[in-house]
Chemist: 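I'd like to ask you about the structure that follows.
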Number of protein chains: 2
Amino acid sequence: MESQPTSLHDDLLGQLRDYIVEGDLAPGARIPERELCEKFDVSRTPLREALKVLAAEGLIELLANRGARVRQFSESDIRNLFEVIAGLDFVAGRLACERISDEGIAQIECIHLEMYTHYMRRELNDYFRLNQQIHQAIVDAAANPVLSANYASANAVIRRLRYAANLNSDRLGDAMREHEAILDALRRRAGEELGLKMFDHMQKKREAVCKYLREQSSASASAPNLQPAD
Amino acid sequence: MESQPTSLHDDLLGQLRDYIVEGDLAPGARIPERELCEKFDVSRTPLREALKVLAAEGLIELLANRGARVRQFSESDIRNLFEVIAGLDFVAGRLACERISDEGIAQIECIHLEMYTHYMRRELNDYFRLNQQIHQAIVDAAANPVLSANYASANAVIRRLRYAANLNSDRLGDAMREHEAILDALRRRAGEELGLKMFDHMQKKREAVCKYLREQSSASASAPNLQPAD
DNA sequence: GCCCTGAAATTTGCATTCAATCGAGGTTGA
DNA sequence: TCAACCTCGATTGAATGCAAATTTCAGGGC
């Protein structure tokens with residue numbers, strides 16, 4: 001929803017966001033300002049401005065007088081996020097049906113076919129990359145920058161989790177079938193139907209992810225990404 | 001979605017947000033830092049941190065080296081925002097049906113009745129205040145802090161517009177009927193139906209608001225809130 | 001051996017200071 | 001007269017400095 005002048009602040013903000021989303025840091029880890037300052041070669045003032053923004057986005061948390069930590073997500077945090085994303089997917093689906101061009105549909109079908117190939121070959125990295133592309137393409141087809149921004153922001157938090165490659169293959173098969181139904185509705189430009197299908201798709205994904213995270217957290221005492229339930 | 005320690009930064013942020021949302025400033029007006037500093041009695045450092053956050057929320061815009069301006073909204077900005085809000089309403093409705101208590105439903109019915117009284121008496125301020133309360137109550141009933149936060153953020157931008165009291169009474173009558181249907185679905189805990197009703201309700205509100213803003217902007221050469229279309 | 005107390009050292013929060021950019025007004029030349 | 005240019009004040013962007021809070025760690029008591 002923004003303007004052109006790519007200020008130094010925006011650059012730093014983007015770099016920092018990537019750095020956090022990239023996921024090398026342990027959740028809950030302290031992030032000393034000093035360290036980031038030399039890492040990104042800026043003084044504390046612009047860095048702190050960027051940290052405040054990231055905290056508002058929910059990627060980190062700022063404890064008063066105790067600095068920035070990578071945010072820890074409880075299972076309910078993740079459920080909440082997926083619910084919001086599902087709502088955005090619902091609008092995206094409805095609006096995309098009204099606004100997408102025939103070429104746009106064709107492109108998404110291409111991505112879907114490619115994704116299917118990777119699914120058959122069990123090439124999970126590519127599978128998830130293209131999965132992300134399809135959802136992004138539908139959201140973008142809604143031609144609503146505010147929607148895209150909200151979607152991206154919620155997704156950034158989710159992406160940090162790196163659960164994707166560990167979903168079981170039952171879920172992947174179901175997901176492929178759901179995607180085909182989604183594409184079918186998109187082809188027919190059945191907005192309400194598509195919105196509902198995308199919503200349900202995301203709700204199911206939510207369940208699968210939460211189930212996976214729960215299993216993992218009970219398996220390993222110190223779960224890599226999930227905080228003990230609150 | 002946040003923690004307890006109410007730091008000075010959060011206070012300032014809240015005050016500033018209220019100050020912008022309150023709407024005394026003309027859209028597009030410059031906001032010199034110095035002025036805000038003495039108004040809120042802080043130095044520029046924490047003020048600038050808060051401004052960055054507000055800019056990320058979309059309430060103001062920061063032009064490089066030219067400071068903060070109250071954001072101007074084009075008609076499409078407003079349409080976009082309402083679409084996102086509609087999506088959030090859709091989730092809220094569905095989840096509220098699953099999670100709201102019987103007492104919660106009773107409370108909302110009370111608000112609705114009170115609102116109906118104000119509608120009959122054409123007491124618009126109270127009408128809109130209670131309207132806001134009902135939507136907020138349903139969103140809160142979804143018991144999803146992330147959802148509530150996103151909803152509040154999008155709403156803050158809309159609330160700045162102060163269009164509400166100017167909608168014509170046809171629309172208000174329709175809105176009351178829609179609200180009754182919404183309450184009916186909530187009573188029956190018909191989640192999918194409620195979600196769709198709330199979504200459509202918000203879409204219709206969007207059309208009414210955009211129509212009003214368009215008329216106003218063609219009536220007065222310098223529209224108070226709307227930027228000439230892009 | 002463990003826990004509590006307290007002081008030093010780090011780290012954060014904010015104020016102040018310095019540098020760079022923008023904008024206004026005036027000057028000069030066509 | 002008008003337009004382009006230039007200079008100077010004002011405002012923003014970023015760096016540094018200082019005080020307060022916190023964390024760490026050493027010593028003493030149990």
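Given the structure is predicted, the values throughout are model-derived calculations rather than measurements. Every chain is numbered from 1, with letters handed out A, B, ... down the list of sequences.
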Chemist: Could you tell me how far apart B:Glu49 (CD) and D:dG13 (C1') are, to the nearest whole angstrom?
Modeler: 13 Å
Chemist: On the 0 to 90° scale, with breaks at 30° and 60°, tag the B:Phe90-B:Phe199 ring pair as parallel, tilted or perpendicular.
Modeler: perpendicular
Chemist: From CG of A:Leu47 over to C1' of C:dT12, roughly how many Å is that when rounded to an integer?
Modeler: 12 Å
Chemist: What is the distance from CG of B:Leu36 to P of D:dT12, rounded to the nearest Å?
Modeler: 9 Å
Chemist: Is any side-chain nitrogen or oxygen of B:Arg66 closer than 4.0 Å to OP1 or OP2 of C:dG23?
Modeler: yes
Chemist: Here's a test of your reading of the structure: between B:Arg30 and B:Asp41, which maps to the more 5' nucleotide of DNA chain C?
Modeler: B:Asp41
Chemist: Quickly work out the A:Arg48 CZ to C:dT11 P distance and round it to whole Å.
Modeler: 14 Å
Chemist: Evaluate side chain to side chain donor-acceptor pair (under 3.5 Å) for A:Asn168 paired with A:Tyr212, printing each intermediate quantity in order.
Modeler: CA-CA 9 Å; A:Asn168 67 52; A:Tyr212 161 69; over 6 Å; no
Chemist: Under 3.5 Å, is there a donor-acceptor pair between the side chain of A:Arg206 and the main chain of A:Glu83?
Modeler: no
Chemist: In this structure, how many angstroms lie between the P atom of D:dA14 and the CD atom of B:Glu33, rounded?
Modeler: 11 Å
Chemist: Looking only at N and O atoms, is any donor in the side chain of B:Arg44 or the base of D:dG13 less than 3.5 Å from an acceptor on the other one?
Modeler: yes
Chemist: So does B:Ala142 get a backbone contact from the side chain of B:Arg99, meaning a donor-acceptor N/O pair under 3.5 Å?
Modeler: yes
Chemist: Provide, to the nearest angstrom, the distance between the CG atom belonging to A:Leu13 and the P atom belonging to D:dG13.
Modeler: 14 Å
Chemist: Find the distance B:Asn65:CG to D:dA10:C1' and express it as a whole number of Å.
Modeler: 13 Å
Chemist: Whole Å only: how far is the CZ atom of A:Arg34 from the P atom of D:dA15?
Modeler: 13 Å
Chemist: Using only modelled atom types and a 3.5 angstrom limit, is any donor from either the side chain of B:Thr45 or the base of C:dA15 paired with an acceptor on the other?
Modeler: yes
